[in-house]
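Just so you know, these numbers use all the heavy atoms, side chains as well, and skip hydrogens, waters and symmetry mates. In each ligand, atom 1 is the first atom listed, and ligand 1 is the first ligand listed.
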Amino acid sequence: MRTLVTGGAGFIGSHLCDALAAAGDYVVCLDNLSTGRRDNVEHLEGNPHFEFVLHDLVEPYFTDADRVFHLACPASPVAYRANPVRTVKTNVLGTMHMLGLARRCGARILLAGTSEVYGDPTVHPQPESYLGNVNQLGPRACYDEGKRIAETLMIEYHRQHGVDIRLARIFNTYGPRMQADDGRVVSNFILRALRNKPAELYGGGTQSRSFCYIDDMVNGLIKLMQYEGARRHEPFNLGNPHEVTVLELARTINRLAGAGAEPVSGPAQQDDPTRRCPDITRARTELGFEPATSLEQGLTRTIEWFK
Ligand code: NAD
Ligand code: UDP
């Protein structure tokens, strides 16, 4: 199996490359290294079944593949806001280029979509049928709307050209190889704790998220790619439904790190979703997906890595 992983030098992509290479695939890891790091896949570079390609998917790319995991896109608010037009181009042009490749090769393609398609949800927890509440003019729109149009491109390439698509909607994922400086809540709070500084709770910390450990996410992505059932062209939420407030997260990280100071309130962020929790009934039923790592186990491993 020749498997192309776009965004393969990033946080999730590099763990996926590890799992695919271990399973015996020939892995082509394509990345422009904008938010990813060569270090993340350095240990794979001597492997005769692994190849790194430096390429920006805003430009077309031609290779042969049986499977495409399409993950290339900056993922944290700090990273996708740094160049919002480029974020839109990556989602639109990058996804079109990969769909064109999949069409030409007859490859199956999986999109790393996001819970952000639900925006600031008015339905809780969020099932795949929820159509979302996204502000198309807000600061998160380059990412949220970019991922929404990426889903539209996927389904239209399927309907019009018969491309064999898989749609993952990934909820907040954390673990080793997260970037330290990308402003995401888990990395921010761990770094604060390890430096004995207080976590800053944007908007007071009553908002919630549901955090999935990286190993569980990789497992879910591979299960979805392999799934042949009747619902294979529909979207699948992937995440851990254990929901915590941002304040609870900060306290848990301080306790596990054995350090940190009492969290403080910081300014609220515009369009920050107030609650987020996946309804994973579809993934459980169809894929047999079940997150196995508790928040405490996953955070303990992540804190060790950050140390
Ligand atoms: P990441 O930033 O670590 O990885 C993204 C990778 O894509 C990076 O290696 C980056 O260099 C690469 N990239 C970005 N633009 C590119 C371009 N134009 N051409 C080629 N490569 C490009 O982020 P991540 O957390 O690993 O996220 C991976 C995917 O999963 C993204 O599509 C993201 O939207 C999605 N996702 C992640 C989360 C999460 O919690 N981490 C949640 C929902 C969705
Ligand atoms: N957040 C926070 N302090 C930080 C970083 C983030 O309170 O130092 C909050 C942020 O406002 C959001 C939640 O934590 O409500 C998750 O933020 P993240 O950027 O990790 O992910 P996303 O908002 O995309 O889910």
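Annotation for ligand 2: atoms under 4.0 Å from non-hydrogen atoms of Asn188 are 4 (C), 5 (C), 8 (O). Contact atoms of ligand 2 toward Leu201: 7 (O) (distance under 4.0 Å to a heavy atom of the residue).
Only the side chain of Arg184 comes within contact range of ligand 1, with a heavy atom under 4.0 Å; no backbone atom does. Residue Asp272 touches ligand 2 through its side chain alone, judged by heavy-atom distances below 4.0 Å. The backbone of Glu200, and not its side chain, has at least one atom closer than 4.0 Å to an atom of ligand 2 (non-hydrogen atoms only; backbone = N, CA, C, O). When heavy-atom distances to ligand 2 are checked against a 4.0 Å cut-off, Asn172 comes that close only through its side chain, counted from C-beta outward. Counting heavy atoms closer than 4.0 Å to ligand 1, residue Thr6 contributes nothing at all.
The aromatic rings of Tyr61 and His55 are tilted relative to each other, their planes meeting at an angle between 30° and 60°.
Thr173 N, 2.8 Å is the protein heavy atom nearest to atom 40 (O) of ligand 1. Protein heavy atom in closest approach to atom 24 (P) of ligand 1: Ala75 CB, 3.9 Å. Counting protein heavy atoms only, atom 1 (N) of ligand 2 is closest to Tyr202 CD1, 3.4 Å. Given atom 6 (C) of ligand 1, the protein heavy atom at minimum distance is Gly7 CA, 3.6 Å.
A cation-pi arrangement is present between Arg301 and Tyr213, with the terminal nitrogen or guanidinium carbon under 6.0 Å from the aromatic centre and inside a 45° cone about the axis.
Taking the six-membered ring wherever Trp is involved, the centroid distance between the rings of Phe211 and Phe171 does not fall below 6.0 Å.
Among the atoms of Arg37, none of the N or O lies under 3.5 angstrom from an N or O of ligand 1. Of the N or O atoms in Asp31, one or more lie within a sub-3.5 Å distance of an N or O in ligand 1. An N or O contact shorter than 3.5 Å links Ile12 to ligand 1 by distance.
Of all the heavy atoms in Thr63 and Arg104, the pair that sits closest is O-NH2, 2.9 Å.
A donor and an acceptor atom, one from each side chain of Arg276 and Tyr118, are nowhere located under 3.5 Å apart. Side chains of Thr293 and Asp216: a donor on one and an acceptor on the other come within 3.5 Å. Side-chain atoms of Asp120 and Asn133 form no donor-acceptor pair, as typed in the model, at a separation below 3.5 Å.
For atom 36 (N) of ligand 1, the nearest non-hydrogen atom from the set Phe171, Tyr174, Phe69, Tyr143 belongs to Tyr143. Atom 32 (O) of ligand 1 has its nearest heavy-atom neighbour, among Leu71, Leu54, Val53, Val5, in Leu71.
At a 4.0 Å cut-off, not a single heavy atom of Arg177 sits close enough to ligand 1 to count as contact. Put simply, part of Arg140 is less than 4.0 Å from ligand 2, judged by heavy atoms. Contact between Gly113 and ligand 1 is present, with at least one heavy atom of the residue lying under 4.0 Å from the ligand. In this structure, Gln179 is part of the shell of residues with a heavy atom less than 4.0 angstrom from ligand 1. In this structure, Gly183 has a heavy atom closer than 4.0 Å to ligand 2. Residue contact annotation: Pro77 has a non-hydrogen atom under 4.0 Å from ligand 2.
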